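Before any comments, here is the structure.
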Amino acid sequence: MRYSRLLIPTLKEAPSEAQVVSHVMLVRGGFIRKLAAGIYSLMPLGMRVVAKIERIIREELTRSGAEEVLLPMVHPAELWQESGRWQKYGPELLRLKDRKGADFAMSPTAEEAMCDLVRRDVKSYRQLPLNLFQIQDKFRDEMRPRAGLMRGREFIMKDAYSFHATVEDAHREYKNMYDAYVRIFKRCGLEFRAVEADTGAIGGSMSHEFQVLADSGEDAIVSCDNCDYAANVEKAEMKRTAGEAAAPKAAALEEVHTPGAGSIEEVGKMMKAKANAFIKTLIYIADGKPIIALVRGDRELNELKLKAALAVEALELASDALVREVTGANVGFAGPHGRSVPVYADMEVREMGWAVTGANKTDYHVKGFNLGRDVPEAKIVDLRTAAGGDPCARCGTGHYKAYRGIEVGHVFFLGTKYSEPMKVNFLDAEGKDKPMVMGCYGIGVTRIAAAAVEQNHDDDGIQWPMALAPFQVVITTAGREPELAAAAETLEAELTARGVEVLYDDRDERPGAKFKDADLIGIPLRVTVGKRGLAEGKLELKKRRDKEPTLVAQAALADELARLIQEALA
RNA sequence: CGGGGCGUAGCGCAGCUGGUAGCGCGCCUGGUUUGGGACCAGGAUGUCGCAGGUUCGAAUCCUGUCGCCCCGACCA
C-alpha cells in the first residue's frame, strides 16, 4: 500500500482531552477520531487493527466449535421486559421509541435476543449443545466514558452464548471457552492473567475475567506467588482470623482541630499519624436505610463483602447530603460514635487500641478512639478488600501480589438465569421439558486495541505486537533519487508476493518526518532505502523495538522479513 | 449524579481591567532543501459553543443552557 493514498492523519500534538497513553497515541497516530463522548470512528489504520483482532477471535472460536451469527443492535423492549432487565439495567440501557411510540433498546449485551433466537428453533436435546457468537457494536450509556477506546459508550464486542442440556456439559464448554480465550489473548501478543471474578449485572454463579496487565488498568487484581489462584480484588478470598479486641489506650476521646482536612492523607500529615492508625468511616445507603461501615485507614472496603454481611439487594455510597444528615458535619469528618445508625466494623478495627477518626463535627477529628469502648454495639465482620502481601486463601502458604489490569474478556457460567424467565426449554431424552443451561462469553474487541497500546509503546509511539499491527513492514526512502524509489518498489512487490502487509511511504517528505510517523503508528519492521547502503546492494532493517538498524543484502531482505514475521506470529 | 476544569482556525494555545481577533503547528502557492518532525516568501481558514441580558459597543461583564475532559460514585 502506498502511504500517499491512505488517510493517516497523524498529529504532532494530541488533543488536550486525551490523557491516557493509549488514547493519546491512537488519536495522534490517526487510528481513531471522536464523534461524541465515548463514541469513536475507526480510521483506516484503526480499522486494520480491529480487523486483525476480529480475525484471531473468529479463527479460535470457530476452532472451538462456536458458530458466528449477527443479531440486531436494536432490540424490542418486550424482550428486556421478559427477562426483567428493562427495569433492572438502569440508565445505562439506551432506550428509544420508534415512530409508533413503541419502546426499543440499543443492545448493550444480547442474552435476551440470543435466548429468543434459540428458543424459537431449538426444541430437542439432540440439537444441543450450541455455541453462537457475534462480533458487533454494543452501546452502553456509561455514566463516565473515558480514555478513548478503553471505556467507550459504543464499542465492538464479541459476545458468545452457549446452550446445554446439562450443567456438566455447560461446565465443559466453559472450560473450552476459557482455553480459547487463552489462545486468543496469547495470539494478540498480550501479557494477561485469567482471574476469578464477580458476576455483576450479567449474573450467574461462576466467572473469570481476562485481565491485560497495565498500570493504567481500572481493575485491581491479586495473584498468589505460590499457587495459581488469581482474582479480581472484588472477589478475592482472604484467609482471616478475628484477633483479640484491644483495650483502650487512651482514657477518653479527644477532639483535634483539623481545619479543612477531610482526607486521611491530609489529617495524617497534620497529626503526624500513619494511615493505619485511622478508621475510615463510610456511610452507605443499604436498601434505602443508612448504615456505617468501618475499615482501617490504610485498607479498602469491599462492597461485595459489605453487601453480603448486610444481606441487602442495593448498596450505594451515601450522598453528601445524607452524610451531613447522619454526621451533622461536612463530608470528611464522619465518625461511628454516637450515631443512631447500625455500625459494621471490619474485624481489624476491633484490634485497634487507639485510633483517629472523624468527630462528626466539621473541621474536627478525634483521637484515642477504641471500638469496644466507643461503639460497643458495632457488628464485627470481614469487610476488607484483599491487597498485595495478604496470605493466599487458597494454598495457605503463598502471598498475594497486586496488579492493575484492563478487563478484555469475561466468561460466565449462567445456569438457567435467563433460560428460565425467557422459557428457553428443550425436551430431554425422556420427553421432559427443561430449561437449557447457559454460559456466556465476552471479549472487548476495541478495548483490546487500547490495552495492546498500553502494554506496547515508548515515548515515540506505539509498538504493535506483530499480530495486531496495521502493517507488518514499512518502507521509507531517504532521498529523492529515482533508484531509491525503484529499489523500494521492487521490495514492496517482493513482499506483497510473499503475503507480507507492507506500507510504502512514498510521500515527498524528509526522512525524519517519515521515521517519526513510522514510529508513531508502530509498524514492527522498518526498511530504509538509502544512497550509501544501496551503492553496496544493501538496505537497512530496523525493528521498532530495537535502537539500531542492521544492513541486509537487498536480495535477501524479502525472505528475511517474511521469516521475522513468521517467527513473531508463531 | 457530586467535586474540579475547559469551550477562540483542523490541532495546541494567547487575548478576557469592554473598542468586532492573534501566535505556533498543520493546510494551499512558489522557491531552496532532503538520514530523525527543514527554511524563505506569499496565501486561505473563525457565526470566539449556543441563547438571552447589560452597554453607543461584548470573545471579554451578567444569567441561562449545551458540549467536552479529569477525580469520585457506577459498571459485561
Side-chain angles (χ1 to χ4, degrees), chain A residues 9-20 23-24 27-28 30 33-39 85 89-93 107-111 138-148 151-153 155 157-161 197-204 207-210 218-219 232 234 262-263 282-285 303 314-324 330-332 407-412 414 440-444 447 460-461 476-481 484 507-520 526 528-534 540 542 547 549:
Chain A
T10 57
L11 303 172
K12 287 187 184 170
E13 288 173 289
S16 54
E17 67 197 34
Q19 306 289 330
V20 174
H23 187 192
V24 169
V27 172
R28 280 196 56 210
R33 288 292 184 261
K34 185 177 76 181
L35 188 61
I39 302 180
R85 286 207 290 183
Y89 214 98
E92 211 175 299
L93 183 68
S107 173
T109 173
E111 283 78 13
K138 297 290 180 296
F139 197 96
R140 293 183 187 174
D141 199 355
E142 298 268 357
M143 274 177 193
R144 195 181 149 217
R146 56 179 291 270
R151 176 170 295 280
R153 290 194 292 173
F155 57 98
M157 178 170 98
K158 184 286 298 180
D159 44 329
Y161 307 84
D198 182 53
T199 53
I202 294 287
S207 158
H208 284 85
E209 290 168 347
F210 290 78
E218 293 184 301
D219 293 336
N232 191 308
E234 292 177 342
S263 74
L282 298 158
I283 297 160
Y284 279 89
I285 179 141
E303 291 189 1
L315 182 72
E316 215 180 314
L317 209 51
S319 64
D320 291 2
L322 182 64
V323 171
R324 274 184 220 110
N330 283 344
V331 175
E407 182 193 351
V408 291
H410 205 151
V411 294
F412 298 85
L414 292 178
C440 78
Y441 321 92
I443 292 180
R447 189 182 277 181
D460 291 320
T476 57
T477 47
R480 308 176 78 191
E481 290 74 5
L484 299 185
R507 293 174 302 167
D508 187 19
E509 291 285 350
R510 296 160 68 93
K514 295 185 186 182
F515 295 153
K516 286 287 185 190
D517 276 336
D519 286 347
L520 178 60
R526 188 183 85 202
T528 303
V529 184
K531 273 168 287 190
R532 294 191 291 272
L534 197 58
E540 200 177 285
K542 184 182 168 300
K547 266 206 122 55

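Values below: every heavy atom of this structure, side chains too, minus hydrogens, waters and symmetry copies. Sequence lines set the chain letters: A, B, ... in the order given, protein chains first and strands last, and positions in each chain run from 1. Since this is a predicted model, take the numbers as computed values, not measurements.
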**OP:** Using a 4.0 Å heavy-atom cut-off across all strands, classify A:R526 as base, sugar-phosphate, or nothing.
**Re:** base
Subject >> A:L282 CG to B:G2 P, straight-line distance once rounded to whole Å >> reply: 21 Å
Original post:
Taking atom C1' of B:G36 as reference, at what distance in whole Å does atom CZ of A:R510 sit?
Top reply: 10 Å
Original post:
Does any nucleotide pair with B:C50 by Watson-Crick or G-U wobble geometry, both distances under 3.5 Å, and what is it?
Top reply: B:G64
**OP:** Return yes if the base of B:G35 and the side-chain atoms of A:E540 contain a donor-acceptor N/O pair under 3.5 Å, otherwise no.
**Re:** yes
**OP:** Mind checking A:A518 for me? I need base, sugar-phosphate or nothing, with any heavy atom below 4.0 Å counting as a touch.
**Re:** nothing
**OP:** Classify the nucleic acid contact of A:G530 as base, sugar-phosphate or nothing, counting any heavy atom under 4.0 Å across all strands shown.
**Re:** base
Original post:
Checking all strands, does A:K514 fall into the base, sugar-phosphate, or nothing category for heavy-atom contacts under 4.0 angstrom?
Top reply: nothing
**OP:** Give A:T528 one of three labels, base, sugar-phosphate or nothing, depending on what nucleic acid heavy atoms sit under 4.0 Å from its own.
**Re:** base
Original post:
Where the side chain of A:R151 is defined as all heavy atoms beyond and including C-beta, which of B:C75, B:G36, B:C70 is the nearest nucleotide?
Top reply: B:C75
Subject >> Upstream residue (5' side of RNA chain B) when A:E92 and A:A37 are each assigned their closest nucleotide >> reply: A:A37
Original post:
Do you know the tightest heavy-atom contact between A:E540 and A:P549?
Top reply: CG-CB, 3.5 Å
Original post:
Could you give the CG-to-C1' distance, from A:L484 to B:G35, as a whole number of Å?
Top reply: 11 Å
Original post:
Are the side chain of A:K514 and the backbone N or O of A:R507 linked by a donor-acceptor pair below 3.5 Å?
Top reply: yes
Subject >> Rounded distance (Å) that lies between atom P of B:G37 and atom CG of A:D519 >> reply: 12 Å
Subject >> Pi-cation contact, A:F155 with A:R447 (under 6.0 Å, within 45°) >> reply: no
**OP:** Please identify each residue that fulfils side-chain hydrogen bond (donor to acceptor under 3.5 Å, both in side chains) with A:K34, with sequence neighbours left out.
**Re:** A:E17
Subject >> Which nucleotide in B:C69, B:G36, B:G35 has an atom nearest any side-chain atom of A:K516 >> reply: B:G36
Original post:
For atom C1', what is the distance between B:G26 and B:G3, given to the nearest Å?
Top reply: 37 Å
**OP:** Record whether the side chain of A:D460 comes under 3.5 Å of the base of B:G36 through a donor-acceptor pair of N or O atoms.
**Re:** no
Subject >> Atom-to-atom span, CD of A:Q19 to P of B:C69 - whole angstrom >> reply: 10 Å
Subject >> Integer-rounded Å distance: B:C75 C1' and A:N232 CG >> reply: 12 Å
Original post:
Counting any heavy atom closer than 4.0 Å, what does A:R146 reach on the DNA or RNA strands: base, sugar-phosphate only, or nothing?
Top reply: sugar-phosphate
Subject >> Gap in Å between the two C1' atoms, one belonging to B:A58 and one to B:C23, rounded >> reply: 23 Å
Subject >> Who pairs with B:U33 - Watson-Crick or G-U, where each distance is under 3.5 Å >> reply: none
Original post:
How far, in whole Å, is B:C68 from B:G35 if one measures between their C1' atoms?
Top reply: 41 Å
**OP:** Could you give the distance separating B:U55 and B:C66 at their C1' atoms, to the nearest angstrom?
**Re:** 26 Å
Subject >> Protein-nucleotide distance (A:L520, atom CG; B:G26, atom C1'), rounded to Å >> reply: 15 Å
Subject >> Under 3.5 Å donor-acceptor pair, A:R507 side-chain atoms to B:G37 base atoms >> reply: no
**OP:** Report yes if a side-chain nitrogen or oxygen of A:S16 is closer than 4.0 Å to either non-bridging phosphate oxygen (OP1 or OP2) of B:C13; otherwise report no.
**Re:** yes
Original post:
Side chains of A:E481 and A:L534: does their closest heavy-atom pair fall under 4.5 Å?
Top reply: no
Subject >> Pairwise C1' distance, B:C6 and B:C11 [rounded to whole Å] >> reply: 16 Å
**OP:** Return yes if some donor-acceptor pair links the side-chain N/O of A:K158 with the main-chain N/O of A:Y441 below 3.5 Å, else return no.
**Re:** yes
Original post:
Residues in salt bridge (Lys or Arg N to Asp or Glu O under 4.0 Å) with A:R28, at least two apart?
Top reply: none
Original post:
A:K12 side chain N/O closer than 4.0 Å to the phosphate oxygens (OP1, OP2) of B:G26?
Top reply: yes
**OP:** Determine the interatomic distance between P on B:U29 and the same-named atom on B:U45; round to the nearest Å.
**Re:** 16 Å
Original post:
Counting only Watson-Crick or G-U wobble pairs whose two distances fall under 3.5 Å, which nucleotide matches B:C27?
Top reply: B:G43
